[in-house]
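What follows is a short report on a single structure.
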Amino acid sequence: MNANALFQKALLLLGSGRDQDREVVLREAIAIAKTEGASYALGQSLACLGDLLFRLERPAEAKEILLEFMAHASDEDDVLDFERQRVKELLTALK
């Protein structure tokens, strides 16, 4: 399965209450996106995983993933604007 397909699978798990499964799928999507060079899927997956970890009250892990997103997503890349804004909000809440 490619990174985009795994990200879509994680979205399907969003309302299922299966956060542990969602975390596993997002981590797999991140790993595959890195090997595929799938920049957009990587950014989306990092942002979603950071958000999930934040909601699961795992702040250290969330911050690490959110900072990885910020390092990955340049301000000039407007495709990830929504995700960038959410990540900034979460990082502010973690301070």
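For the single chain, residues carry numbers from 1 onward in sequence order.
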Atom pairs and distances, donor-acceptor, side-chain atoms in residues 40-48, under 3.5 Å, two or more places apart:
{"from": "Tyr40", "atom 1": "OH", "to": "Gln44", "atom 2": "NE2", "distance (Å)": "3.0"}
{"from": "Ser45", "atom 1": "OG", "to": "Ala41", "atom 2": "O", "distance (Å)": "2.8"}

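For the pair Phe69 and Leu49, the minimum side-chain heavy-atom distance is 4.5 Å or more.
A pairwise comparison of heavy atoms in Met1 and Ile32 identifies O-CD1, 3.5 Å as the closest pair. Nearest heavy atom pair, residue Gly50 against residue Leu66, reads CA-CD2, 3.7 Å.
Cluster membership check: Phe7 shares its hydrophobic cluster with Phe54, using side-chain heavy-atom separations under 4.5 Å among Ile, Leu, Val, Met, Phe, Trp and Tyr. Linking Ile, Leu, Val, Met, Phe, Trp and Tyr whenever their side-chain heavy atoms come within less than 4.5 Å leaves Leu6 and Leu80 in two separate clusters. Linking Ile, Leu, Val, Met, Phe, Trp and Tyr residues whenever their side-chain heavy atoms come within less than 4.5 Å places Ile30 and Leu56 in a single cluster.
Scanning for side chain to side chain donor-acceptor pair (under 3.5 Å) contacts around Asp21 gives Arg18, with sequence neighbours left out. Residues forming a side-chain contact (heavy atoms from CB on, under 4.5 Å) with Met70 (at least two apart in sequence, or on another chain): Arg84, Val87, Lys88, Leu91. Residues satisfying the side chain to side chain donor-acceptor pair (under 3.5 Å) test with Asp19, not counting sequence neighbours, are none.
Of the possible polar contacts, none joining the Asp78 side chain to the Asp81 backbone as a donor-acceptor pair under 3.5 Å is found. A donor-acceptor contact shorter than 3.5 Å links the side chain of Arg22 to the backbone of Ala10.
Distance check: Glu89 CD to Leu94 CG gives 12.0 Å after rounding to the nearest 0.5 Å. Summarising the geometry, atom CG belonging to Leu26 is positioned 8.0 Å from atom CG belonging to Leu11; distances are rounded to the nearest 0.5 Å. In this structure, CD on Glu23 lies 12.5 Å from CD on Glu28, to the nearest 0.5 angstrom.
For the salt bridge (charged side-chain N to carboxylate O under 4.0 Å, His left out) condition, the pairs that include at least one residue of residues 45-56, sequence neighbours left out, are Asp51-Arg55, Asp51-Arg86. Every pair passing salt bridge (charged side-chain N to carboxylate O under 4.0 Å, His left out) that includes a residue from residues 62-72 is listed here, sequence neighbours excluded: Lys34-Glu68.
Other residues, nucleotides and ligands contribute over 12 non-hydrogen atoms within 6.0 Å of the CD atom of Glu36.
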